[in-house]
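These notes concern the structure reproduced below.
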Amino acid sequence: KGGKGGAFGGGKMGGMMKGMKGMMKGMMGDMKGKGKGKSKTPGHKLPRERITEAPVIGEVIEWKGKYGWVKPSEEIQHPSWKGKIFVSQTDLNGVTELEVGKLVQFHVFSDASGLGGEEVLQA
């Protein structure tokens, strides 16, 4: 026998599921614009302060298509230093992506998100 409309479509379970869905919607409200989501200013457009006078050499340790991480050959003396430098595709010179394991030359900047590399050249 069962309910109407198959799995959770009708009967007691269907009504219970609809009730739970309504309850969750009521608790969560309209989630647009709330929570983590995207900030108003994309990270690659935040105000920057260059912290290196001379270019730094490092190795590409990760590349995700439009961004990645570089490990400098020397530690960066800065409070935001966490062992690696963020690099955006928009900061690459002469290439559109980086290859893991290759050496790069770059300047280090600081912004509200942490440390990043700019004017990045791949060897």
Side-chain angles (χ1 to χ4, degrees):
K1 287 189 174 176
K4 300 175 186 173
F8 306 126
K12 289 183 182 180
M13 287 302 285
M16 185 174 84
M17 292 305 287
K18 286 180 185 176
M20 286 178 68
K21 183 178 176 183
M23 181 179 77
M24 292 299 290
K25 189 174 181 180
M27 285 178 15
M28 302 300 276
D30 180 14
M31 290 299 289
K32 290 183 181 175
K34 297 179 183 162
K36 273 193 150 179
K38 290 192 174 192
S39 67
K40 291 180 182 176
T41 305
H44 66 282
K45 294 190 178 190
L46 290 170
R48 298 175 170 186
E49 178 186 351
R50 184 175 284 188
I51 63 170
T52 54
E53 291 182 26
V56 175
I57 301 293
E59 181 183 343
V60 180
I61 57 173
E62 192 173 353
W63 188 253
K64 299 285 192 177
K66 293 190 176 190
Y67 66 93
W69 299 95
V70 174
K71 182 173 176 57
S73 57
E74 297 179 18
E75 187 172 312
I76 305 298
Q77 299 300 317
H78 191 274
S80 297
W81 172 245
K82 293 187 171 104
K84 58 186 181 179
I85 302 291
F86 175 82
V87 174
S88 170
Q89 185 179 43
T90 59
D91 288 302
L92 303 181
N93 287 343
V95 294
T96 57
E97 60 182 33
L98 296 179
E99 190 176 330
V100 174
K102 294 277 188 169
L103 292 179
V104 290
Q105 175 181 294
F106 56 96
H107 278 281
V108 179
F109 68 84
S110 173
D111 67 15
S113 296
L115 298 182
E118 60 186 0
E119 297 180 14
V120 181
L121 298 169
Q122 184 167 275

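Between the Q122 side chain and the E99 main chain, a donor and an acceptor come within less than 3.5 Å of each other. Between the S110 side chain and the L115 main chain, no donor and acceptor come within less than 3.5 Å of each other.
Within the structure, salt bridge (charged side-chain N to carboxylate O under 4.0 Å, His left out) pairs that include any residue of residues 112-123 comprise R48-E118, R50-E118, R50-E119 (at least two apart or interchain). Screening residues 54-71 for salt bridge (charged side-chain N to carboxylate O under 4.0 Å, His left out) gives E62-K64 as the qualifying pairs, with residues at least two apart or on separate chains.
Hydrophobic clustering (side-chain heavy atoms under 4.5 Å, transitive across Ile, Leu, Val, Met, Phe, Trp, Tyr) groups V60 together with V120. In the hydrophobic clustering of ILVMFWY residues, with side-chain heavy atoms under 4.5 Å counting as a link, F109 and W81 come out apart. Using a 4.5 Å cut-off between side-chain heavy atoms of Ile, Leu, Val, Met, Phe, Trp and Tyr, with links allowed through other members, V104 and I51 fall into the same hydrophobic cluster. Grouping the Ile, Leu, Val, Met, Phe, Trp and Tyr side chains by contacts below 4.5 angstrom, directly or via other members, places V56 apart from L103.
Taking OG1 of T52 as the reference point, atom NE2 of H78 lies at 10.5 Å (rounded to 0.5 Å).
Listed by chain and number, the residues in a ring-ring contact (aromatic ring centres under 6.0 Å, His included) with W63 amount to none (sequence neighbours excluded).
Scanning both residues, I85 and P72, for their nearest heavy atoms gives CG1-CG, 3.6 Å. The heavy-atom pair separating L46 from A112 by the smallest distance is CD1-CB, 4.1 Å. The two residues V95 and L92 come nearest to each other via the heavy atoms O-CB, 3.4 Å. Pairing each heavy atom of I57 with each of F106, the nearest pair is C-CE2, 4.2 Å.
When side chains are defined from C-beta on, K84 counts as touching I61, because their heavy atoms get closer than 4.5 Å.
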Checklist entry - Run the side-chain contact (heavy atoms from CB on, under 4.5 Å) check on L98 and V87 step by step: do they pass? => result CA-CA 9 Å; L98 296 179; V87 174; 4.1 Å; yes
Checklist entry - Would T96 and Q89 count as a side-chain contact (heavy atoms from CB on, under 4.5 Å) if you check the C-alpha gap in whole Å, the side-chain angles of each, and the deciding distance to 0.1 Å? => result CA-CA 6 Å; T96 57; Q89 185 179 43; 4.1 Å; yes
